[in-house]
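One-based numbering along the sequence shown.
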Amino acid sequence: MSRQAISAIYLADEATCVAALLAQARLSEDATGRVTSLATGLAAHIRAHRRPAGGLDVFLREYALSSEEGVALMCLAEALLRIPDSATMDALIRDKITPAHWERHIGHSDSWFVNASTLGLMLTGRIVRLDPAQTSDAGNFFGRLIARSGEPVIRQALLHAMRIMGRQFVLGRTIGEAIAHAKSDASRGYRHSFDMLGEGARTANQAAHHFQAYSNAIQSLSAPAGLHAPGISVKLSALHPRFEQAQHGRVMAELTPRVAELAALACDANIDLTIDAEESDRLDLTLDIFAAIYAGLRDWEGFGLAVQAYQKRAPHVLDWLAALAKQQGRRIPVRLVKGAYWDSEIKRAQERGLSSYPVFTRKASTDVSYLACAARMIAAGDWLNPQFATHNAQTVAAILVMTGADRGAPSVPFEFQRLHGMGAPLHDLVMQTHGASCRIYAPVGSHEDLLAYLVRRLLENGANSSFVNRLSDDAAPIEDIVRDPVAVIAEYSAIPNPQIPLPENLFGDERRNSRGMLLSDPAVLTLLMQDIETCLSAPRLAGPLVDGVIQKGPREAVSDPANLDRMVGYLSMSDGSAIEQAMASAASAAPAWEAMGGGARAHCLDSAADLFETNRAELLGLCIREAGKTLPDALSEVREAVDFLRY
C-alpha cells in the first residue's frame with residue numbers, strides 16, 4: 001500500500017468507505033452467532049456482578065453527558081483549569097454550578113468516589129454530612145452558599161474536586177509512583193503501557209521537559225520488579241513545538257533524532273515504545289517519522305504505532321505498516337484504537353471548509369471499521385503484533401472469535417488494552433475465562449497535566465452511545481447493546497449521519513461554506529504550491545479599474561517582503577481624472593444596478609465568490625508574495641472574502 005493511496009482516501013466518500021469495510025467486517029453466520037453469544041454473556045456477567053465501589057465507569061454512569069450536571073462537569077473540566085484569572089473562574093462557577101441539580105446525585109451511587117466528588121463539587125471537596133433540609137432545594141442552597149462564602153471558596157472546592165476526579169484517571173504523579181501503584185494490577189496478570197501526560201509543546205523548553213520525562217520513565221522501567229513486559233507511549237506533539245506538516249523539513253531534522261534516541265533507550269531497556277495517535281492532520285508527518293526511525297532499528301521489534309479506526313485511512317495505514325514490516329523483515333506492534341478526537345475532528349473540518357470529514361460520522365461505522373481493521377491485523381499476524389484497545393464487549397467477543405481464541409489457542413498472538421480506571425470488569429473476565437493477555441494504558445502526571453487527557457476521556461466514554469454508558473443503564477436491553485455493528489449499519493437509510501452535514505453545507509440553504517484545503521496532506525500541498533508558482537511565474541499588474549479597464553499611469557514596482565530581490569509585479573498609479581471618471585461611471589450605473597433587484601445583485605456577488613475560488617491559487621500567491629502572509633493565513637483571507645460575498 002503506497003502513501004499516495006493513503007492520501008487518496010483522506011476525505012473519501014463515507015458511504016463508499018463504509019461499504020468496503022462492511023464486506024471485510026462481516027463474519028460467517030456461525031462466527032456471528034458465536035460473537036453474539038459470547039458478547040451477551042460478557043455483558044450480562046458484568047452487569048450482574050457490578051462492584052459496589054468503582055472508578056471512572058461509575059462516575060460516568062452517574063454523570064452522563066446527557067444530564068445537565070454531566071454537561072456542567074464537562075464545561076468545568078474543559079475550562080476551569082485553563083482559565084488564568086480568578087475573576088473568570090468565579091464567573092464560570094456562577095454560570096455552571098448553581099443551576100445544576102447536584103442533589104439528585106447525593107447518595108444515589110454506591111461508589112464513594114461519586115459521592116465524594118458530588119459533595120466536593122457542592123461544597124469543600126471533603127466528605128461531609130449535610131442536613132437533608134438544607135439540600136432539599138440545592139439550587140437555592142448553593143446560591144446562598146456562594147453569596148455567604150464567596151466564589152473563591154467554591155473555586156478552591158471545585159479545583160479540589162477536579163483533583164479527586166483526576167486521581168481516577170492517572171496511575172501516579174511520577175513514574176516511580178505509577179510503577180508502585182501498577183504492581184497490584186500486575187500481580188493479577190496485567191501488563192502496562194505508561195503515558196507521561198503532556199502534549200502540544202509550545203516552546204523548546206516544554207519539548208525538552210517532555211523529552212526528559214520520557215527518558216527518565218524509560219530508564220525507570222528498565223528493570224521494575226513486579227511488572228511484566230512494560231511499555232511506554234510517546235506523543236510527538238509533546239516533543240516538538242512545531243509538529244505540523246508546514247514545518248516538515250524542520251520537524252524531520254529536529255524531531256526524528258529525539259524520537260530515535262528514545263527508541264534506542266527503550267530497546268536497551270527491553271521495553272516497547274509506541275507512538276501515540278493524535279489529530280488526523282498529523283498522521284502523514286507521524287508516518288514519515290515512524291518510517292525514518294523504524295528503518296534504523298535493525299532487529300528490535302518493540303517500536304510500534306497507534307492507529308485510529310475512526311479515520312477513513314486506517315485500513316490503508318495498516319496495509320502500509322504490514323508492507324513496511326515485511327520489507328524490513330521484522331514485526332511492528334500496532335495498537336488499534338477507535339479514536340478520542342472525534343468532536344474536534346468534525347468541528348475542524350467544518351471550520352476549514354473541507355470537502356468531507358476525515359472520520360466517520362456514525363459510531364456504528366467506526367465500530368465496523370474497527371472490526372475490519374482487526375481482521376486486517378490478524379491476517380497480517382506474521383508482520384504485525386496486534387494490540388486491541390477497547391472497552392466494548394461486542395468488539396472483544398468479535399476479536400476472540402476472529403482469532404479462534406474463544407475455542408482455544410488463538411491463530412496469532414495478540415493482547416487487549418484498556419484505560420486505567422476503565423473497563424476493568426470486562427478485561428478481568430476475559431483474562432479469567434479465555435486467558436487473554438491484557439495491558440493497561442496508564443497515564444502518569446500531575447493534576448495540571450491532566451486536562452487534555454481528561455476532556456478526551458469524558459467525551460469518548462461519557463456519551464450516550466458508548467458501551468460503558470449503555471451497559472450501566474439497566475433499562476437498556478443487553479441484546480441491543482451487543483448488536484453486531486454490521487447489522488446496525490444495514491438498518492440506516494443513509495450511511496453518513498444526516499444530522500452532520502458536509503462542511504460545504506454547514507449553513508444549510510442560507511449559503512455555501514467557502515472551500516478550504518487540506519494543507520496537512522502532502523499531495524494537496526505539493527499540487528497547490530505548483531499552481532501558485534505557475535500563476536506567479538510572470539510579474540502581475542495591478543491598478544485602479546474604471547469601466548472594467550486598468551488605468552494607465554506611473555508604475556511602481558512591488559517586491560516580496562520576504563525577498564526584496566523578487567518582484568511580485570507592478571502597481572499602476574491613479575490620477576485625479578481617473579477618480580472623476582470612476583465616480584461619474586458609478587453614478588450613471590447606479591439606477592440600472594438598483595433596478596436589477598436584490599436577487600440579481602445577489603447573483604453577482606455569488607458569481608464573484610465563485611470567481612475567487614476558481615482563481616484561488618493566484619489570490620493565495622499574491623497574499624503570500626505581496627503581503628507576506630503564511631499559507632494558512634492566506635487561505636483564511638481568501639475564504640473570508642468568499643464567505644463575506646455569499647453572506
Side-chain angles (χ1 to χ4, degrees), residues 34-58 168-169 171 178-195 221 224-231 233 271-272 274 304 333-338 370-371 374 377-378 381 385-443 461 466-468 471-472 478 481-482:
R34 286 157 55 197
V35 170
T36 300
S37 176
L38 181 54
T40 301
L42 291 171
H45 185 278
I46 295 169
R47 181 177 278 182
H49 296 82
R50 213 176 268 155
R51 298 174 184 175
L56 193 53
D57 299 33
V58 181
Q168 302 299 313
F169 286 92
L171 189 59
I179 291 172
H181 290 167
K183 290 179 180 178
S184 61
D185 285 323
S187 66
R188 297 187 290 123
Y190 277 107
R191 303 170 182 176
H192 288 78
S193 181
F194 296 90
D195 172 25
L221 290 168
L227 294 190
H228 173 58
S233 296
I271 67 171
D272 288 352
T274 301
V334 177
R335 175 193 297 149
L336 183 64
V337 302
K338 293 190 178 177
Y370 193 97
L371 295 178
M377 292 168 66
I378 294 166
N385 179 12
Q387 301 169 346
F388 301 111
T390 178
H391 303 129
N392 187 309
Q394 197 281 335
T395 305
V396 166
I399 290 167
L400 290 173
V401 170
M402 283 191 286
T403 59
D406 66 320
R407 290 182 168 177
S411 57
V412 296
F414 71 94
E415 70 177 29
F416 288 117
Q417 295 191 2
R418 69 172 177 87
L419 296 171
H420 166 65
M422 292 201 67
L426 173 61
H427 286 254
D428 288 348
L429 184 58
V430 171
M431 290 173 68
Q432 294 164 10
T433 57
H434 292 87
S437 297
C438 294
R439 185 181 298 271
I440 297 174
Y441 184 88
N461 296 288
S466 74
F467 175 84
V468 170
L471 187 61
S472 67
I478 287 180
I481 297 174
V482 300

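- Across all non-hydrogen atoms, the minimal contact from Ala393 to Leu426 is N-CD2, 3.9 Å.
- Here the shortest heavy-atom pairing between Ile46 and Pro425 reads CG2-CB, 3.9 Å.
- If you take CD on Gln394 and CG on Leu38, they are separated by 10.0 Å, rounding to the nearest 0.5 Å.
- For the pair Tyr190 (side chain) and Ser184 (backbone), a donor-acceptor distance under 3.5 Å is absent.
- Atoms CG and CD1, from Asn392 and Ile481 in turn, are 10.0 Å apart once rounded to the nearest 0.5 Å.
- Ring orientation note: the planes of His192 and Phe194 are close to parallel, at an angle under 30° on the 30°/60° scale.
- When all heavy atoms of Ala398 and Leu371 are compared, the pair lying nearest together is CB-CD2, 3.6 Å.
- Here Asp185 contributes atom CG and Cys438 contributes atom SG; the two are 11.0 Å apart, rounded to the nearest 0.5 Å.
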Worksheet item: What do the steps show when you test Phe388 against Leu400 for side chain to side chain contact (heavy atoms under 4.5 Å, CB included), and what is the final call?
Response: CA-CA 11 Å; Phe388 301 111; Leu400 290 173; over 6 Å; no
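- Atom CG of Leu221 is separated from atom CG of Asp272 by 11.0 Å, given to the nearest 0.5 angstrom.
- Residues satisfying the side chain to side chain contact (heavy atoms under 4.5 Å, CB included) criterion with Ser193, sequence neighbours excluded, are Ser233, Arg335, Arg439.
- Shown here are the salt bridge (charged side-chain N to carboxylate O under 4.0 Å, His left out) partners of Arg191, two or more places apart in sequence or in another chain: Glu415.
- The minimum heavy-atom distance between Ile271 and Pro230, with the atom names listed, is CB-O, 3.3 Å.
- Taking NE2 from His181 and NE2 from His420, the interatomic distance works out to 9.0 Å, rounded to the nearest 0.5 Å.
- Using a 4.5 Å cut-off on side-chain heavy atoms (C-beta onward), Thr395 and Lys338 make contact.
- A perpendicular orientation is assigned to the rings of His427 and His391, their planes being inclined by more than 60° (bins at 30° and 60°).
- Residue pairs satisfying the salt bridge (charged side-chain N to carboxylate O under 4.0 Å, His left out) criterion with at least one member in residues 390-411, sequence neighbours excluded, are listed as follows: Asp30-Arg407, Arg34-Asp406.
- The shortest non-hydrogen separation linking Val337 to Ala389 is CG1-CB, 3.8 Å.
- Under the 4.5 Å side-chain criterion, counting only non-hydrogen atoms from C-beta, Val430 is not in contact with Arg418.
- For the side chain to side chain contact (heavy atoms under 4.5 Å, CB included) criterion with Met377, the lone passing option out of Val412, Ile399, Leu336, Thr403 is Leu336.
- Here the closest non-hydrogen pair linking Ala442 and Leu171 is CB-CD2, 3.5 Å.
- Expressed to the nearest 0.5 Å, how far CZ of Arg188 lies from CD1 of Ile440 amounts to 7.0 Å.
- Taking the side chain as every heavy atom from C-beta outward, Phe414 and Ile378 never approach each other to under 4.5 Å.
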